[in-house]
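Predicted model, so just to flag it, every value in this text is computed and none were measured.
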2 protein chains.
Amino acid sequence: MSSMIDPANIIPKYFQLANILREKIENGEFPAQDAIPSERQLEEQYNLSRPTIRQAIDLLERQGYLYRVHGRGTFVSPPKLQKGMLELTSFSEDMRNRGLTPGGRILEFGYLKPSAKIAKQLGLNDKDAQVLRIKRLRTGNGEPIGLQDSYLALDNGQVITREEIEQKGSIYAILQQKFGIYPTEADETLEVTLATPEEAELMQIPVNSPLLLNERTLWSQDRKAIEFVSILYRGDRYKYFVRLTRKW
Amino acid sequence: MSSMIDPANIIPKYFQLANILREKIENGEFPAQDAIPSERQLEEQYNLSRPTIRQAIDLLERQGYLYRVHGRGTFVSPPKLQKGMLELTSFSEDMRNRGLTPGGRILEFGYLKPSAKIAKQLGLNDKDAQVLRIKRLRTGNGEPIGLQDSYLALDNGQVITREEIEQKGSIYAILQQKFGIYPTEADETLEVTLATPEEAELMQIPVNSPLLLNERTLWSQDRKAIEFVSILYRGDRYKYFVRLTRKW
DNA sequence: GATGTTAAGAGGTCTTTACCAGTTATTTTA
DNA sequence: TAAAATAACTGGTAAAGACCTCTTAACATC
């Protein structure tokens with residue numbers, strides 16, 4: 001049975017319990033809006049101390065599966081709110097989430113000295129610092145969706161080749177697999193612009209068509225800026241989606 | 001001194017400690033990337049138990065002020081990543097964050113039967129359900145910035161008057177103060193549209209000017225949908241900003 | 001000098017125990 | 001009968017102590 005705590009398991013008990021409870025929520029054993037057993041009941045049921053129980057519930061509360069009401073109990077969040085919490089997604093992931101096959105073509109690839117704006121975004125103080133610039137036309141199901149212009153701050157010795165990108169498609173996948181770099185936090189802005197002749201031709205739309213400009217600065221798990229990227233989306237083909245939370 | 005724990009204070013000790021540490025981070029006493037005192041040292045320093053110390057550090061870690069490294073210590077996050085974690089903001093807050101004075105004019109105000117789309121967004125099954133519709137022209141420093149069309153799902157007895165809105169300006173402020181409803185989670189979409197003649201006149205821009213359309217469904221802390229709102233922003237005056245995080 | 005070992009100190013997990021503070025239903029009282 | 005007090009829940013905060021794993025640097029060994 002996976003519905004019991006194994007003291008010999010390397011996985012922490014609070015984590016095991018959280019997994020058990022999450023499963024009961026997901027398979028409907030704990031229906032939405034219903035109270036789960038009280039902390040004292042769980043204490044007896046799983047033979048764990050209350051701090052450990054609370055640690056498990058804390059985790060599920062932060063993940064949006066449960067919410068607590070002082071004096072009343074702990075309740076199951078409705079499914080609307082529980083899954084797919086805010087996530088950073090790459091273009092490839094984004095397209096797949098929308099049921100489209102991601103694709104594209106590399107337009108520019110090479111190292112260069114970053115502009116002042118980009119150096120500032122990436123926190124590069126070294127005057128001789130170089131960044132890897134990759135400009136790509138991105139497609140969904142073969143049709144042009146956006147123009148992506150990416151500037152990567154790589155450490156010495158971290159090399160990405162054009163072939164790797166053409167093969168994997170996603171820069172983020174390469175950063176993870178090759179260098180253990182995980183995108184963890186990002187600042188994004190969105191605004192409206194109009195297509196220049198060059199942009200219009202690449203995306204096969206009329207000049208001055210409205211576009212959605214998405215600029216993003218990305219940080220890794222060790223708090224270093226790793227990428228500044230601008231993506232121009234066709235206004236008629238793309239809708240940006242985000243889930244927000246606010247802590248009180 | 002606010003740098004000591006007051007056992008008599010109603011504010012929990014772990015929260016008092018978190019405030020003290022946050023202050024030391026913000027005024028530079030704990031510089032970025034430096035380690036803060038170890039949990040055992042803080043234990044002695046503030047005469048608190050380690051679980052309480054850890055609770056305070058947990059809080060600051062979630063808020064992005066600190067990050068922990070097993071075996072090495074707890075470190076101060078660089079300022080880039082520490083402030084203004086992702087937050088839901090009202091139009092009024094948003095404007096003030098940008099250094100502009102929020103204002104506006106109510107164009108429509110009243111109860112009506114919601115359209116199918118809006119009833120679905122708000123999760124209203126009752127056929128007789130009514131929603132409060134408030135359409136407003138929003139301004140920053142007196143200039144038109146956006147057109148906001150809001151649909152509120154209020155319970156029986158929860159009444160908001162036109163005067164309250166004109167006085168307070170922010171619906172969210174009224175929801176909080178009058179009914180104890182706190183916006184906690186939201187789904188947002190952003191896309192490009194073109195100004196209709198009506199919209200153009202209200203915002204004093206040419207017809208077919210590009211606009212940024214922001215649609216949002218909002219939930220409260222007890223997981224009930226409370227508002228569906230669409231905001232049309234002038235493309236030349238507004239840039240959307242969001243901070244994203246991804247958990248691995 | 002290079003290498004492997006070890007000990008100190010960091011955060012991570014867990015138990016036991018205690019009391020506080022909201023919520024709700026029951027019981028008591030007017 | 002209706003209002004008020006109370007008891008029995010709920011989650012929230014806090015302490016003290018134990019033992020674990022991971023990191024680092026000093027030490028011992030080759």
Checklist entry - Hey, are B/T217 and B/E227 close enough side-chain-wise for a donor-acceptor pair under 3.5 Å? => result no

Checklist entry - Contact class for A/P51 (heavy atom, under 4.0 Å): base, sugar-phosphate, or nothing? => result base

Checklist entry - Between C/dG12 atom P and A/L59 atom CG, what is the distance in whole Å? => result 14 Å

Checklist entry - Can you find a side-chain donor-acceptor pair between A/Y240 and B/E188 that sits under 3.5 Å? => result no

Next on the checklist: Is it the case that the base of C/dA21 and the side chain of A/H70 share a donor-acceptor contact (distance under 3.5 Å, atom types as modelled)?
Outcome noted: yes

Checklist outcome for this item: With a 4.0 Å cut-off (strictly under) to non-hydrogen atoms of chain B, the first and last hit nts on DNA chain D, 5' to 3', are D/dT13 to D/dT24

Checklist entry - Could you state the CG-P distance from A/N47 to C/dT16, rounded to the nearest angstrom? => result 8 Å

Item to check | Length of the line joining A/Q55:CD and C/dG12:P, which is rounded to integer Å | outcome: 10 Å

Next on the checklist: Could you tell me if A/Q16 and A/Y46 have a donor-acceptor pair between their side chains, going purely by distance under 3.5 Å?
Outcome noted: no

Checklist entry - Residues two or more places apart in sequence or in another chain: which of them pass side-chain contact (heavy atoms from CB on, under 4.5 Å) with B/R50? => result B/E39, B/R40, B/E43, B/R54

Checklist entry - C/dG11, C/dC14, C/dC19: which one has an atom nearest the side-chain heavy atoms of A/R50? => result C/dC19

Next on the checklist: From CG of A/D58 over to P of C/dC14, roughly how many Å is that when rounded to an integer?
Outcome noted: 13 Å

Item to check | Note: A/R62-A/D58 ion pair, threshold 4.0 Å (strictly below) | outcome: no

Item to check | Residues B/K135 and B/E108 bridged, charged N to O under 4.0 Å | outcome: no

Checklist entry - When you check the gap from the basic side-chain N to the acidic O, do A/R22 and A/E26 get nearer than 4.0 Å? => result no

Checklist entry - Rounded to whole angstroms, how far apart are NZ on A/K13 and P on C/dG12? => result 19 Å

Checklist entry - Taking the nucleotide of DNA chain C with the closest heavy atom to each, which residue, A/P12 or B/V69, is nearer the 5' end? => result B/V69

Checklist entry - Do the charged groups of A/R133 and A/D149 touch, with an N to O distance under 4.0 Å? => result yes

Checklist entry - Could you state the CZ-C1' distance from A/R40 to C/dT17, rounded to the nearest angstrom? => result 12 Å

Which atoms of nucleotides 6-9 of chain C (N or O only) lie under 3.5 Å from a protein N or O atom, and what are those distances?
residue : atom : partner : partner atom : Å
C/dG9   : N2   : B/G71   : O            : 3.3

Checklist outcome for this item: Separation of C/dT16 atom C1' from A/I53 atom CD1, nearest Å, is 14 Å

Checklist entry - Step by step, would you call A/S230 with A/E215 a side chain to side chain donor-acceptor pair (under 3.5 Å)? => result CA-CA 4 Å; A/S230 78; A/E215 292 187 327; 5.2 Å; no

Next on the checklist: Once you apply a heavy-atom cut-off of 4.0 Å, does A/L48 come out as touching a base, just sugar-phosphate, or nothing?
Outcome noted: sugar-phosphate

Checklist entry - A/Q41 near the nucleic acid: base, sugar-phosphate alone, or nothing, with a heavy-atom cut-off under 4.0 Å? => result sugar-phosphate

Checklist outcome for this item: Atom CZ of A/R54 and atom P of C/dA18 are separated, to the nearest Å, by 18 Å

